[in-house]
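Following: one structure in structure tokens, then a few remarks.
Order of the sequence lines fixes the chain letters, A, B, ..., with proteins taken first and strands second; residue numbering starts at 1 for each chain. When reading the values below, keep in mind they use all heavy atoms of this one structure, side chains included, and skip hydrogens, waters and symmetry mates.
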There are 2 protein chains.
Amino acid sequence: MNISAASKAAGLPVKTVRYYADIGLVSAPSRSDTGYRTYDDASVRKLIFIRRSRAFGFTIEECRELLDLYQDQDRTSAEVKRIASKRLEELEEKQRELKSLHDELAHLVKTCRGDHRPDCPIIDYLG
Amino acid sequence: MNISAASKAAGLPVKTVRYYADIGLVSAPSRSDTGYRTYDDASVRKLIFIRRSRAFGFTIEECRELLDLYQDQDRTSAEVKRIASKRLEELEEKQRELKSLHDELAHLVKTCRGDHRPDCPIIDYLG
DNA sequence: CTTGACCTTCCAGTTGCTGGAAAGACTAAA
DNA sequence: TTTAGTCTTTCCAGCAACTGGAAGGTCAAG
């Protein structure tokens, strides 16, 4: 499999696939005689794993840990759960932040008349 | 006012205050004989305005527009409202994304035993 | 044989700062 | 007056996680 086939199979841009090997997140793929990267199904599975992990917002470093655990038959689910719980808490914190920002901005937008005149509660609040 | 006094008054790091002038978000401050930046109350008010705008997640470019409107006596509140509404929609979109990620991850974390054994629904889901 | 799609490497840019080095300026105490 | 300590300056590099583009080699179809 050349890189574009692997990228399609993994659902990641070609550039990103190369990037993940550059930073050592996945091991360097083997090369054809002419230097083309060649991928097998196992590599694609790892790329998919990373894509899904990234979708949850895990950092590259966390993806590295998760990938290690994925490939470790002696892993404990406790370790996986620890990493996931940490991310879950971050998501909850982010949700709280977002909600408070949202509610405040929504209130301002609602009270702004949005007409041709200059007076505006949004500007007043910011200034 | 030297830069550190202005930074304290505005609630922004010194580096950030310099940065905002570097990128032309605020105008370059006047300088003392020895080259120290000097700030007045009006500059500080603009910095505070930017800090609050940034807190809502407005990009630097949006802050630029908002600041222009702030300083424009002939602005229309419609223009302000348009920018704020756009941000509000983004916040709502982000909230939806976060909620769906959260719910999915929360479910996985809940169903993971988190013990010494390797089997784990989180890893299963990612892989 | 040519065309066009693919592949390579390398370098730069994105966003919004932040850190650090080297050097000059100011202030207060000894 | 010296000295120490705290400003301040500029400039350059780095963060995260890619993404874009240039210059050039490769491959398959017609």
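For the pair B:Y39 OH and D:dC7 P, the interatomic distance rounds to 16 Å; values are reported in whole Å. Between A:E62 atom CD and D:dA17 atom C1' the separation is 14 Å, expressed in whole Å. Note: CG (B:N2) to P (C:dC26) measures 9 Å, nearest angstrom. Remark: P of D:dA17 and CD1 of A:I23 are 8 Å apart, rounded to the nearest angstrom. Rounded to a whole Å, the CG atom of B:L12 is 14 Å from the P atom of C:dG16. The nearest whole Å value for the distance from the NZ atom in A:K8 to the C1' atom in C:dC7 is 13 Å. Across the protein-nucleic acid pair, A:I50 atom CD1 and D:dA16 atom C1' stand 16 Å apart, rounded to whole Å. Distance B:Y19 OH to D:dG14 P: 18 Å, rounded to the nearest Å.
A salt bridge is absent between B:R75 and B:E65; no separation between the charged side-chain nitrogens and carboxylate oxygens falls under 4.0 Å. A salt bridge links A:E93 to A:R96: one of the charged nitrogens lies within less than 4.0 Å of a carboxylate oxygen. We find that B:K81 and A:D115 are not joined by a salt bridge, their nearest charged nitrogen and carboxylate oxygen being 4.0 Å or further apart. The pair B:D22-B:R18 does not count as a salt bridge, with every side-chain nitrogen at least 4.0 angstrom from each carboxylate oxygen.
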Quiz item: How far apart are the C-alpha atoms of B:E90 and B:K86, what are their side-chain angles, what is the distance that settles it, and do they pass the salt bridge (charged side-chain N to carboxylate O under 4.0 Å, His left out) test?
Solution: CA-CA 6 Å; B:E90 289 166 4; B:K86 177 168 158 282; 3.6 Å; yes

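Among the heavy atoms of the strands lying under 4.0 Å from B:T59 are primed sugar atoms or P, OP1, OP2 only; no base atom is included.
Taking the six-membered ring where the residue is Trp, A:Y70 and A:F49 present parallel rings, their angle staying beneath 30° rather than reaching 60°.
If you check the side chains of A:D40 and A:S43, you find a donor sitting under 3.5 Å from an acceptor.
Contact annotation: A:S4 side-chain N/O to C:dC7 OP1/OP2 distance is under 4.0 Å. For D:dC18, one of the phosphate oxygens OP1 or OP2 lies less than 4.0 angstrom from a side-chain nitrogen or oxygen of A:Y20.
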What are the atom names and distances for every N/O pair under 3.5 Å that joins the protein to nucleotides 8-12 of chain C?
from: C:dT8; atom 1: OP1; to: A:R37; atom 2: N; distance (Å): 2.7
from: C:dT8; atom 1: OP1; to: A:R37; atom 2: NH1; distance (Å): 2.9
from: C:dT8; atom 1: OP2; to: A:R18; atom 2: NH1; distance (Å): 2.6
from: C:dT8; atom 1: OP2; to: A:R37; atom 2: NH1; distance (Å): 3.4
from: C:dT8; atom 1: O5'; to: A:R37; atom 2: NH1; distance (Å): 3.3
from: C:dT8; atom 1: O3'; to: A:R31; atom 2: NH1; distance (Å): 3.4
from: C:dT9; atom 1: OP1; to: A:R31; atom 2: NH1; distance (Å): 3.2
from: C:dT9; atom 1: OP1; to: A:R31; atom 2: NH2; distance (Å): 3.1
from: C:dT9; atom 1: OP2; to: A:R37; atom 2: NH1; distance (Å): 3.0
from: C:dT9; atom 1: OP2; to: A:R37; atom 2: NH2; distance (Å): 2.7

